[in-house]
Number of protein chains: 2
Amino acid sequence: MTSKQEFIEKLRNSSLRPTKQRINICEVLFNRDKTFHFTISDLFNLIKDKTGEKVSLATVYNTVHAFHKKGYLKEIPINSNQTYFDTNVTDHHHFFDVKEEKLIDLKNEDVGPIEIQRSIPGKKIKSVEVLVKLED
Amino acid sequence: MTSKQEFIEKLRNSSLRPTKQRINICEVLFNRDKTFHFTISDLFNLIKDKTGEKVSLATVYNTVHAFHKKGYLKEIPINSNQTYFDTNVTDHHHFFDVKEEKLIDLKNEDVGPIEIQRSIPGKKIKSVEVLVKLED
DNA sequence: ATCTTCTTTAGAATAATTATAAACAACGAA
DNA sequence: TTCGTTGTTTATAATTATTCTAAAGAAGAT
Ligand SMILES: [Mn+2]
Ligand SMILES: [Mn+2]
Ligand SMILES: [Zn+2]
Ligand SMILES: [Zn+2]
């Protein structure tokens, strides 16, 4: 449980002004036990539901991108018509339940270390992500 | 090198009528040595260039989805504004050069076997894909 | 308080994809 | 081969996620 005050500080420290909208978004995104996987429209709806206050869709986009740029959110590569984001910004892998369209975190020990035995001259590895698709 | 006749048979066997457009698309997609990674707009432009004949954009979409449904093309999960397809429909992994926006096949031995140590009740694994993002 | 800069917002613009429906082409049976 | 049926192509419109715009509002500094 993070207090509103702490969100305000974190925002200030990131040179993001602590607006009412951003604080509400922080509460929805980061006041949870487990990692949270969402689309913009998931988040947009949740804000209304959980805080009672409406934030414009443009602001949700702006804020998510601001947080993404600051490294507080991660983008998850799956083929969907909507982009998925993740509050777990560490390097980790996923199950994707194709039917439910739901992401589930895998612990690194659920997958084991992955050694890439090939390299491309002039390029270095930025990330290694495993996506395990699930069906019934 | 696959002959036009062979494409016609393959299409018929898949209960897809062998139209001029589909045969042209087959030539562009499948008459190559290496695996081919593409977006719809890549393909749309290549058809004009390589066959001299224009195929409507709607037909390119229709055909790619028909081939995808038949299992002749694979969709690659990366976050991009456009969907990527792959003529290599086997289970395999990728480099993604973020700057060039280009996919490169990894051989399975470049990655090694991946054992998923966790399961979700009622669900089974459909695919396991590794995406290695590259930067400069 | 005042000024500056950043943020929010509604609405418009963009761009990938999908839907529509009319013209057309492949097929199979006569 | 002709004819009727069914599948396909196409231009174009519709849809949808996302980004842009520009004006109004809020936060921070002086
Ligand atoms: Mn996650
Ligand atoms: Mn590939
Ligand atoms: Zn982003
Ligand atoms: Zn498809």
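Fair warning: this is a prediction, and the values are worked out from it, not measured in the lab. Below, all heavy atoms of this structure are taken into account, side chains as well, without hydrogens, waters or symmetry copies. Sequence lines set the chain letters: A, B, ... in the order given, protein chains first and strands last, and positions in each chain run from 1.
- Looking at residues two or more places apart in sequence or on another chain, you find no side chain to side chain donor-acceptor pair (under 3.5 Å) involving A:Thr2.
- Remark: A:His92 engages A:His94 in a ring-ring contact (aromatic ring centres under 6.0 Å, His included) (not counting sequence neighbours).
- A heavy-atom distance below 4.0 Å to DNA chain D is reached by these residues of residues 13-30 of chain A, ordered by number: A:Arg17, A:Pro18.
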Quick test: give all pairs of protein nitrogen or oxygen and nucleotides 18-21 of chain D nitrogen or oxygen below 3.5 Å, distance rounded to 0.1 Å.
from, atom 1, to, atom 2, distance (Å)
D:dT18, OP1, A:Thr83, N, 3.0
D:dT18, OP1, A:Thr83, OG1, 2.8
D:dT18, OP2, A:Tyr61, OH, 2.8
D:dT18, O5', A:Tyr61, OH, 3.3

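- The distance between atom NZ of B:Lys70 and atom P of D:dG7, rounded to the nearest whole Å, is 12 Å.
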Considering only distance and modelled atom types, tabulate donor-acceptor pairs under 3.5 Å from the side chains of residues 109-123 of chain A, sequence neighbours left out.
from, atom 1, to, atom 2, distance (Å)
A:Asp110, OD2, A:Lys107, N, 3.1
A:Arg118, NH1, B:Asp105, O, 2.8
A:Lys123, NZ, B:Asp97, OD2, 3.1
A:Lys123, NZ, B:Asp136, OD1, 2.8

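- A search for side chain to side chain donor-acceptor pair (under 3.5 Å) contacts involving B:Ser15 returns nothing, not counting sequence neighbours.
- Rounded to an integer number of Å, the gap from B:Phe85 CZ to C:dT17 C1' is 10 Å.
- For residues 30-42 of chain A, the set of pairs meeting the salt bridge (charged side-chain N to carboxylate O under 4.0 Å, His left out) definition, not counting sequence neighbours, is empty.
- Separating the CG atom of B:Asn45 from the P atom of C:dA16 is a distance of 11 Å, rounded to the nearest angstrom.
- Counting only residues at least two apart or on different chains, the salt bridge (charged side-chain N to carboxylate O under 4.0 Å, His left out) pairs with a member in residues 17-30 of chain B are B:Lys20-B:Glu53.
- Here D:dT9 presents its C1' atom at 13 Å from CD1 of B:Ile47, a figure rounded to the nearest Å.
- For A:Lys48 and C:dT9, the NZ to C1' distance is 15 Å, given to the nearest whole Å.
- For A:Ser56 and C:dT8, the shortest distance from a side-chain N or O to OP1 or OP2 is not below 4.0 Å.
- Residues that satisfy the side chain to side chain donor-acceptor pair (under 3.5 Å) test with A:Glu6, not counting sequence neighbours, are A:Ser3.
- What separates CZ of B:Phe67 from P of D:dT8 is a distance of 11 Å, to the nearest Å.
- C:dA25 atom P lies 18 Å from atom CG of B:Leu11, rounded to whole Å.
- Proximity of a side-chain donor or acceptor of A:Thr87 to a complementary backbone N or O of A:Leu29 within less than 3.5 Å is not detected.
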Could you list the donor-acceptor pairs under 3.5 angstrom formed by side chains in residues 68-77 of chain A, with sequence neighbours left out?
from, atom 1, to, atom 2, distance (Å)
A:Lys70, NZ, A:Ser14, O, 3.0
A:Tyr72, OH, A:Ser14, OG, 2.6
A:Lys74, NZ, A:Glu129, OE1, 3.2

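- With sequence neighbours excluded, the residues satisfying side chain to side chain contact (heavy atoms under 4.5 Å, CB included) with A:Ile8 are A:Lys4, A:Gln5, A:Arg12, A:Pro18, A:Ile23.
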Protein N or O to nucleotides 28-30 of chain C N or O, pairs below 3.5 Å:
none

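- Two residues are said to be in side-chain contact when any heavy atoms from C-beta on lie closer than 4.5 Å; A:Val132 and A:Leu106 meet this criterion.
- Look at CD on B:Glu101: it is 11 Å from P on C:dA16, rounded to the nearest Å.
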